[in-house]
Amino acid sequence: MEIITTSYDCMNCPFKSKLYLDLTADEMQMIDKNRKELIFKKGEVICGEGDDLENLIYLTKGLGKLHKKESFKTDQIFNIVVPYDFIGFLSIFSETNSKYSVTAIEDSVACAVPVAMKIIENMSKVTDDILETRFKLNKKHLRGRIAYIILFLAKEVYKDNVFIMPISRKEIAELINMTTENVIRILSEFRKDNIIDIDGKIIKVIDSIMLQKICEAG
């Protein structure tokens, strides 16, 4: 991790979250005065399970995985953290230590900002959205889960039908509660059916309409 400084302040930040919209100029200045901007290399832990929750970490660039150690050998991945996401808010409502870890899966930049009650209130809806997404994902069959992940990365993260898969097949399996073998099998089926193309880590969505139908059918 490296601490850096930027030429812009929180009020004029191009990465400013919608969660800040209700804050006054004085509150924004207080956040700006106390924040730190951090650089994380791929594979570095952004927030570790058990870490003190003195600050919220706000991702401005890159990607991370939200995960928790299930046993000595396995992780459970709950979500992919994307730019404009806060890290740590799933624990901060009731705990003083993080119950989850977040690890960079791309080189990433984040701001560590002091906790403010108004921000926490605004984050309640964000938390609800994540839990609702997890609930819907768990109800889908295996093909629907894989389709959801591909569409999420293409539409929400990269906004492009061609992208480099940021996580391994094993991490996809941990994210959607499948075996690695099933992930590989279904990706191969999608490729055989000409729904996607795979070239190493490069994924190309060929038939987004069919992929959406598979996702919706679950």
Side-chain angles (χ1 to χ4, degrees), residues 1-2 4 14-15 17 37-49 57-70 74-90 98 100-111 126 129-130 133-134 136-138 140 142-191 195-208 211-212 214-215:
M1 180 185 69
E2 178 185 351
I4 61 173
F15 306 109
S17 169
E37 193 159 8
L38 313 171
I39 294 179
F40 297 92
K41 296 294 185 181
K42 179 179 179 180
E44 277 194 280
V45 175
I46 299 174
C47 176
E49 189 173 341
I57 299 176
Y58 178 60
L59 197 68
T60 59
K61 182 181 179 181
L63 293 173
K65 61 177 181 179
L66 177 71
H67 58 107
K68 184 177 177 65
K69 186 68 71 177
E70 290 291 301
T74 62
D75 263 1
Q76 172 68 57
I77 300 177
F78 293 95
N79 200 28
I80 300 297
V81 181
V82 301
Y84 311 117
D85 277 355
F86 274 96
I87 296 167
F89 60 80
L90 289 176
S98 177
Y100 306 90
S101 295
V102 177
T103 300
I105 55 177
E106 291 183 349
D107 291 349
S108 301
V109 180
C111 268
V126 179
D129 290 345
I130 287 180
T133 298
R134 169 55 58 181
K136 290 179 179 178
L137 189 58
N138 286 342
K140 293 182 181 295
L142 303 186
R143 287 171 60 87
R145 296 182 192 184
I146 294 290
Y148 174 87
I149 292 300
I150 295 172
L151 288 171
F152 171 75
L153 291 170
K155 292 183 176 181
E156 302 298 329
V157 177
Y158 296 107
K159 303 185 188 308
D160 196 323
N161 280 338
V162 181
F163 59 90
I164 296 175
M165 179 63 73
I167 54 180
S168 67
R169 307 298 194 257
K170 180 176 182 292
E171 288 173 318
I172 295 173
E174 292 169 347
L175 175 61
I176 56 180
N177 198 25
M178 294 171 59
T179 64
T180 305
E181 291 75 16
N182 277 333
V183 171
I184 294 171
R185 175 178 60 81
I186 292 170
L187 287 173
S188 296
E189 289 176 1
F190 285 175
R191 183 180 186 179
I195 297 172
I196 64 172
D197 188 32
I198 304 173
D199 183 6
K201 288 190 173 183
I202 299 175
I203 304 292
K204 180 179 180 181
V205 178
I206 298 173
D207 192 341
S208 59
L211 201 60
Q212 186 67 46
I214 294 171
C215 179

Specify the closest pair of heavy atoms between K68 and F78, including all atoms of both residues, with the distance to one decimal.
CB-CE1, 3.5 Å
Quick one: NZ on K61 to CD1 on I39, what's the gap to the nearest 0.5 Å?
8.5 Å
Heavy-atom donor-acceptor pair, E44 side chain to T103 backbone, under 3.5 Å
no
Measuring from atom CD1 of I172 to atom CD1 of I167, what distance do you get when rounded to the nearest 0.5 angstrom?
4.5 Å
Please report the closest heavy-atom contact between D107 and K42, naming both atoms and the distance.
OD1-N, 2.8 Å
Starting at CG of N182, measure out to CG of L187 and round the result to the nearest 0.5 Å.
10.5 Å
Any residue meeting ring-ring contact (aromatic ring centres under 6.0 Å, His included) with Y158, in chain and number order, not counting sequence neighbours
F163
For F40 and V102: C-alpha separation, side-chain torsions, deciding distance, then whether side chain to side chain contact (heavy atoms under 4.5 Å, CB included) applies.
CA-CA 11 Å; F40 297 92; V102 177; over 6 Å; no
Once side-chain hydrogen bond (donor to acceptor under 3.5 Å, both in side chains) is applied, do any residues pair with K41, and if so which ones, sequence neighbours excluded?
none
Between N79 and V81 (side chain of the first, backbone of the second, donor and acceptor by atom type, cut-off under 3.5 Å), is there such a pair?
no
Measure across K155 and K159 and return the closest heavy-atom pair with its distance rounded to 0.1 Å.
O-CG, 3.3 Å
Using a 4.5 Å cut-off on heavy atoms from C-beta on, say whether the side chain of S108 contacts that of T60.
no
Going from CD1 on I146 to CD1 on I196, what distance comes out if it is rounded to the nearest 0.5 angstrom?
8.5 Å
Less than 4.5 Å apart, side chain to side chain, heavy atoms only: is that true for F190 and I198?
no
Tightest non-hydrogen contact, residues I186 and R143, listed as CD1-N, 3.9 Å
Quick one: CD1 on I214 to CD1 on I195, what's the gap to the nearest 0.5 Å?
3.5 Å
Once rounded to the nearest 0.5 Å, what's the spacing between atom CD1 of I184 and atom OG1 of T179?
8.5 Å
Closest heavy-atom pair, G62 versus L59, reported as atoms and distance to 0.1 Å, is O-CD2, 3.6 Å
Do K65 and L175 touch side chain to side chain, with heavy atoms closer than 4.5 Å?
no
Determine whether R145 and N177 make a side-chain contact, defined as any pair of heavy atoms from C-beta on separated by less than 4.5 Å.
yes
Do I203 and V162 touch side chain to side chain, with heavy atoms closer than 4.5 Å?
no
Which atoms form the tightest heavy-atom contact between L151 and C215, and what is the distance?
CD1-CB, 3.8 Å
Does I164 CD1 have over 12 foreign heavy atoms under 6.0 Å away?
no
Look at the side chain of T180 and the backbone N and O of R169, then say whether any donor-acceptor pair between them is shorter than 3.5 Å.
no
